[in-house]
Protein chains: 2
Amino acid sequence: MATIREVAKAAGVSVATVSRVLNETGYVHEDTRKAVNAAIEKLNYSPNEVARSLFKRKSKLIGLLLPDITNPFFPLLARGVEDEMRLHDFRIIFGNTDEDAEKEKDYIQTFQQNNVIGLISMTNNLSKSTYDDLSIPVVFLDRTSTSLPSVYADGMEGGRIAAKEIIKRGSKRITLIKGPSHLQTARDRFQGALEVLSSSDVNFYVMTTSSFSFNDAEKWAKDLFEKYGDTDGVIASNDIVATAVLHESLRSGRSIPEDIQIIGFDDIPHSALLFPPLSTIRQPAYEMGKEAARLLIKQINNKKEDEQNIQLPVTFIERSTTRKVDKNV
Amino acid sequence: MATIREVAKAAGVSVATVSRVLNETGYVHEDTRKAVNAAIEKLNYSPNEVARSLFKRKSKLIGLLLPDITNPFFPLLARGVEDEMRLHDFRIIFGNTDEDAEKEKDYIQTFQQNNVIGLISMTNNLSKSTYDDLSIPVVFLDRTSTSLPSVYADGMEGGRIAAKEIIKRGSKRITLIKGPSHLQTARDRFQGALEVLSSSDVNFYVMTTSSFSFNDAEKWAKDLFEKYGDTDGVIASNDIVATAVLHESLRSGRSIPEDIQIIGFDDIPHSALLFPPLSTIRQPAYEMGKEAARLLIKQINNKKEDEQNIQLPVTFIERSTTRKVDKNV
DNA sequence: TTGAAAGCGATACCAC
DNA sequence: GTGGTATCGCTTTCAA
């Protein structure tokens, strides 16, 4: 790796001048600029970002914190962040927190030691104060916040849509599965659906669950059919839970969507690959990631943003676990 | 962020001494060590990794290159890498290459500008020479290599197992789907299966495909059943392709595994969530990631490794797209 | 328009 | 045992 010093010598100028052409700052004569560029080319030089970072006390690195990259909801978000950041020449250091506060703090700490210039966090665990004390800009993703910038989907509306669509398609005895209550996004979905269900004339049953895990969900699904065997419509707390319900329905000989309709949340890639393909309320995960990245970049550039909290719309993805609706309705 | 200078002043010693206690190098009196630690505590000091990196010309960052994190095979690998690296206090910068040589080069370049101390690459695209010229250690993951260290699963054996198991379970007219031929791992699976099929007394049909994409796979699956409608067993090139075959089987009214058996490859998390759950040849992805990380760390520490190429075993995961085998067989 | 030099925050050599 | 200081590679005054 060549250094700026070597380039300077090769070009017969000082390092200051090389720095100027590198950063396009200050005056530099056209001829010397050419000479410097020639030297750069010849030596195949590219600046040491570490040295830059040390001097400027900020790097081109941003930290990305997520609960678990193997959870199928997160890769799309992460990819959105990455693609947008790449456009602006930022690189990503990431950490899986497993919703463990210690890991989270630890990562934040080491990220800062590496001069990350900003942080995007998808975790729901840590007390907000930990973030408030941070000296670098933070954006929350898939998480709401009043004090800090955030990007999330309209869960409330998602819940409403899910309930409306399943009612419109004829379910009369609906099960509403309530996700983990420590997640605001899960609570929102629930509230939205509850609102519509309450003011409609269908029967419904609320089932509380404490995780999004598939194995747990399988047990709950069994439970559900035992306790409420004649349910003919399920609004699941997310696509993984919906998948478990779908399995249990099939296993118990129900036909979908004739006997029972199922709607999930998120639209993870897996959902389209089920059989029958899952109808679901889609969160625009990739776009959310991009949006979070954009917001963070604005913070970094000190652009005051009016919209510190960006809520993205959700959409109903009609696949095969819901009935076709009469065109005239 | 406090600096070493401030700590030194607070403890009434020189920066050299602080550095010694930080790194546990050289002599330092017990009392002064305590004083320094007290100051560190008081100021909540943690060393600036950027400054360290600049001086030592190596960081605690490693670069991770993968084709696409939204492809469900990669998160598990990435997680394995991350978990193992975390144990050794390394952090990860990652990049999605989309198998695009330009992106790949670009990432490698910027990784180096950030003094990454090693690189793990899961891409299959770039000419090996690009890696040979690198001054930092590299480990290939899910990719074979003769000259550079690598970690991969035993695809050949996987192919053999798949063929044996499907034959053992009674398929007589087997379809073997050959994956993208530019992937060594795909070629190996194919070869292994072909070997067993050839020397057995079943009929078989080889179908060539050029990607692992689900949408393409759906078309091929339709094709398959048109051309070879009486096939009663499919060895897919991976789980995504197997999923498409499964869909098409169900859609065409075949029952699984009675009319047709299906075996996939990889055992991505999605596969267990299908209905019926997919039988597949499992690659120990998480463990492969960990192994790659360990191997890289050994390179970094200059430990000469005899085993530069680590091949991990695959296993048959028997779920419900294959028939139960007679216990006495 | 250009160069000399200070300094970013650490480490490590060399004195003492 | 401890401290002074050159150094890592770059940016940015300040003078010339």
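Being a predicted model, the structure only gives us computed values, none of them experimental. To find a chain, count down the sequence lines: A is the first, B the second, and so on, and within it residues start at 1.
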[N] phosphate, OP1 or OP2: any side-chain N/O from [X] under 4.0 angstrom?
{"X": "Arg5(A)", "N": "dG9(D)", "answer": "no"}
{"X": "Asn48(A)", "N": "dC8(D)", "answer": "no"}
{"X": "Arg57(B)", "N": "dG9(D)", "answer": "yes"}
{"X": "Thr32(A)", "N": "dT2(C)", "answer": "yes"}
{"X": "Thr17(A)", "N": "dG3(C)", "answer": "yes"}
{"X": "Thr3(A)", "N": "dG9(D)", "answer": "no"}

Distance in angstrom units between [X] [atom1] and [N] [atom2], rounded:
{"X": "Ile4(A)", "N": "dC8(C)", "atom1": "CD1", "atom2": "C1'", "result": "15 Å"}
{"X": "Arg52(B)", "N": "dG9(D)", "atom1": "CZ", "atom2": "P", "result": "18 Å"}
{"X": "Gln113(A)", "N": "dG9(C)", "atom1": "CD", "atom2": "P", "result": "14 Å"}
{"X": "Asn23(B)", "N": "dG9(C)", "atom1": "CG", "atom2": "C1'", "result": "13 Å"}
{"X": "Lys56(A)", "N": "dT12(D)", "atom1": "NZ", "atom2": "P", "result": "5 Å"}
{"X": "Leu43(B)", "N": "dA10(C)", "atom1": "CG", "atom2": "P", "result": "12 Å"}
{"X": "Lys9(B)", "N": "dG3(D)", "atom1": "NZ", "atom2": "P", "result": "15 Å"}
{"X": "Lys58(A)", "N": "dC8(C)", "atom1": "NZ", "atom2": "C1'", "result": "14 Å"}

Candidates [options] - which lies nearest the side chain of [X]:
{"X": "Val15(B)", "options": "dT11(D), dT11(C), dG3(C)", "answer": "dT11(C)"}
{"X": "Phe55(A)", "options": "dG4(D), dC8(D), dG9(D)", "answer": "dG9(D)"}
{"X": "Ala16(A)", "options": "dT11(D), dA10(C), dA5(C)", "answer": "dA5(C)"}
{"X": "Tyr27(A)", "options": "dT2(C), dT5(D), dG9(D)", "answer": "dT2(C)"}
{"X": "Leu22(A)", "options": "dT11(C), dT11(D), dG9(C)", "answer": "dT11(D)"}
{"X": "Leu54(B)", "options": "dC8(D), dT2(C), dT11(D)", "answer": "dC8(D)"}
{"X": "His29(A)", "options": "dG1(D), dT11(D), dT2(C)", "answer": "dT2(C)"}

Next item on the list: Would you indicate what Val13(B) reaches in the nucleic acid, counting non-hydrogen atoms under 4.0 angstrom: base, sugar-phosphate, or nothing?
Entry: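 Val13(B): backbone/sugar contact only, no base atoms under 4.0 Å.
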
Are [X] and [Y] linked by a side-chain donor-acceptor pair shorter than 3.5 Å?
{"X": "Arg91(A)", "Y": "Thr110(B)", "answer": "yes"}
{"X": "Ser121(B)", "Y": "Tyr131(B)", "answer": "yes"}
{"X": "Thr144(B)", "Y": "Gln184(B)", "answer": "no"}

Note to self: Just checking Glu24(A): does its CD atom have more than 12 heavy atoms from other residues, nucleotides or ligands closer to it than 6.0 angstrom?
What the structure shows: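 Counting other residues, nucleotides and ligands, CD of Glu24(A) stays at 12 neighbours or fewer.
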
Next item on the list: Measure from the side-chain N and O atoms of Asn23(A) to the backbone N and O of Ser19(A), and report whether any donor-acceptor pair falls under 3.5 Å.
Entry: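 Yes, because the side chain of Asn23(A) sits within donor-acceptor range (under 3.5 Å) of the backbone of Ser19(A).
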
Notebook entry, point to check: Does Glu84(A) reach the main-chain N or O of Glu291(A) with its side chain, forming a donor-acceptor pair under 3.5 Å?
Noted result: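 Between the backbone of Glu291(A) and the side chain of Glu84(A) there is no qualifying donor-acceptor contact (under 3.5 Å).
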
Margin query: Let's test your reading of the model: under 3.5 Å, does the base of dG3(C) pair with the side chain of Arg20(A) as donor and acceptor?
Written below: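 Between dG3(C) and Arg20(A), which were checked side chain against base, a qualifying N/O pair under 3.5 Å is present.
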
